[in-house]
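Taking it in order: structure first as structure tokens, then the write-up.
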Number of protein chains: 2
Amino acid sequence: MKRSKEEQKKATIRKLTEVARVHFSAHGYAEASTEEMVQEAGLTRGALYHHFGNKEGLFHAVLAMVQAEIAQQVESEAAQSEDLWEQLVLGCRAFVSAAVESPNRRILLIDGPSVLGWESWRQMDQEHSMRLLHEQLLLIDEQGGLKPVSIPALTHLLSGAMNEAALWIAQMPDQQHALIEATASLRLMLDGFKAQ
Amino acid sequence: MKRSKEEQKKATIRKLTEVARVHFSAHGYAEASTEEMVQEAGLTRGALYHHFGNKEGLFHAVLAMVQAEIAQQVESEAAQSEDLWEQLVLGCRAFVSAAVESPNRRILLIDGPSVLGWESWRQMDQEHSMRLLHEQLLLIDEQGGLKPVSIPALTHLLSGAMNEAALWIAQMPDQQHALIEATASLRLMLDGFKAQ
DNA sequence: TCACATACATACAGTTTGTATGTTAAATTG
DNA sequence: CAATTTAACATACAAACTGTATGTATGTGA
């Protein structure tokens, strides 16, 4: 049984990120021990530092995975409608739903900005979910669907609102109901920007 | 020169929190060394652990100070108007302005949730700025000023939007202009909830 | 096939947090 | 007012953790 080096590498990276995702989301970045993670992955810390440089590098890779997953869910959910505005609402709800999930929440919303710094975190977001939000708002604006407003400012406000919504929902006893309430509020919020 | 123990205690706590606030906001929680902080305060780590229990306890005290300061600024700014709705807008702008400031931003918005956990952080917020926001929304609602909406959900959405706005503004080249744009967007956002 | 690169493992050093113990001065009490 | 206690620290130490330097084995290209 001899795997090529490339296969080996891919497998190691995947195993480590998967294990790390669990530890980071369960215990938080600071409390997640590199030693415990590599042991659970059947490796040593040598492998971690070889592939990711340091602990932060591993976290970065995990966050990238989370971001990509969520963005994909948002995109496919938004594609359910033909109407630009309805796409926006569907995408927003999909984002909140995905961000609430425990394998994502802490990594994406709590530790992400703290570990990588807000600017790095934001840049990653720009390449995933936030990009979708921004592009959608631009599309709507092009068709005159928005009141005159700074699109970047609006994008950030909405993004922040949704992030907080996810964290709020996560700790509510009835999450399903909380999601409905948050979505309703979000819809009204969006209405404020709609050109009549 | 003999100070009473109570005076000594107060002075030590104040000195430590002040130094810690600088270190936490400049380097972040994880990179702020307890040894460096107590040295700069002219003490040893014994004093820190005596008064605050651990590093997290010190951070908690610093964050409480930051929260209290900001809440006071929000409250006094909102008091400039008689109109409930205008008070809300003024308070929101004051909050963003205060949260942008570098002695506050990282501690309040980046490291706070990560270090204390979102629920503890949120609970502290509930006792300060967020309480003001929530009460103001309730007041407006009592007078029929709001569309039918879940006030808690709305409170969180707005709070999240403002937090993100502060982080966005902070890294813009022209912060003054960014604050104006964010405030304008926020006003539209609030308009979405206004009963006509 | 032979030199090299890659994917790790191992060993070690440096830092940092937290705790346990000691010390001094103020406060309390008999 | 003397004796005792207690609070505010300082000091010393243990444990954990990250990062780095080095070693090794295996695959790969010339």
Side-chain angles (χ1 to χ4, degrees), chain A residues 1-63 107 111 114-117 120, chain B residues 1-63 107 111 114-117 120:
Chain A
M1 172 182 101
K2 61 165 199 179
R3 289 185 298 179
S4 81
K5 273 200 173 179
E6 207 164 349
E7 279 170 357
Q8 175 99 357
K9 179 177 182 171
K10 271 204 330 194
T12 298
I13 289 180
R14 190 149 53 86
K15 182 70 184 168
L16 262 178
T17 47
E18 276 171 9
V19 170
R21 181 177 186 168
V22 175
H23 281 238
F24 284 146
S25 55
H27 316 302
Y29 178 81
E31 311 305 320
S33 158
T34 57
E35 182 59 37
E36 280 182 32
M37 290 191 284
V38 294
Q39 267 188 28
E40 192 172 318
L43 296 158
T44 66
R45 292 173 49 250
L48 193 165
Y49 282 85
H50 176 69
H51 289 294
F52 300 100
N54 53 23
K55 188 182 177 183
E56 190 178 318
L58 176 59
F59 182 84
H60 190 279
V62 171
L63 177 53
I107 293 170
D111 287 339
S114 160
V115 172
L116 302 179
S120 298
Chain B
M1 171 179 104
K2 62 166 200 180
R3 289 184 297 179
S4 82
K5 272 200 174 178
E6 208 165 348
E7 280 169 358
Q8 176 98 359
K9 179 177 180 171
K10 271 203 332 191
T12 297
I13 289 179
R14 190 149 53 86
K15 182 70 183 167
L16 261 177
T17 48
E18 277 171 9
V19 170
R21 181 177 185 168
V22 175
H23 281 238
F24 284 147
S25 55
H27 317 299
Y29 178 81
E31 311 306 319
S33 158
T34 55
E35 183 60 36
E36 281 183 31
M37 291 190 282
V38 295
Q39 267 187 28
E40 192 172 318
L43 295 158
T44 68
R45 290 173 48 250
L48 193 163
Y49 281 85
H50 177 68
H51 289 295
F52 299 99
N54 54 23
K55 187 181 177 184
E56 191 178 318
L58 175 59
F59 182 83
H60 190 279
V62 170
L63 177 53
I107 293 170
D111 288 337
S114 160
V115 172
L116 302 179
S120 299

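Per chain, numbering begins at 1; letters A, B, ... match sequence-line order.
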First of B/Glu6 and B/Glu56 reached from the 5' end of DNA chain C, by closest nucleotide: B/Glu56
Please work out if A/Ala32 contacts a base, only the sugar-phosphate, or nothing of the nucleic acid, heavy-atom cut-off 4.0 Å. sugar-phosphate
Applying the side-chain contact (heavy atoms from CB on, under 4.5 Å) test to A/Gln39, which of A/Met37, A/Glu36, A/Glu35 qualifies? A/Glu35
So do the side chains of A/Leu43 and A/Leu48 get within less than 4.5 Å of each other, counting heavy atoms only? no
So if I take every side-chain heavy atom of B/Tyr49 and compare against D/dT18, C/dG18, D/dC9, which nucleotide ends up nearest? C/dG18
Nearest-nucleotide wise, let me know which of B/Arg45 and A/Lys55 is further upstream toward the 5' end of DNA chain D. B/Arg45
Determine: side-chain N/O of A/His51 to OP1/OP2 of C/dC8, distance under 4.0 Å, yes or no. yes
Hey, does B/Thr34 reach any base, or is it just sugar-phosphate, or nothing, if we go heavy atoms under 4.0 Å? sugar-phosphate
Which nucleotide in the list D/dT11, C/dA27, C/dA7 gets nearest to the side chain of B/Thr44? D/dT11
Is the phosphate of C/dC8, meaning OP1 or OP2, less than 4.0 Å from a side-chain N or O of A/Gln8? yes
Would you indicate which nucleotide in D/dA8, D/dA10, C/dT17 comes nearest to any side-chain atom of B/Ser33? C/dT17
All heavy atoms of B/Asn54 vs all of B/Tyr49, minimum pair found to be CA-CE2, 3.6 Å
Is any side-chain N or O of A/His50 closer than 4.0 Å to OP1 or OP2 of C/dA7? yes
Using only side-chain N and O atoms of A/Thr12, determine if any of them is under 4.0 Å from OP1 or OP2 of C/dC8. yes
Going by the side-chain contact (heavy atoms from CB on, under 4.5 Å) test, name the single residue among A/Phe24, A/Phe59, A/Phe52 that passes it with A/Thr17. A/Phe52
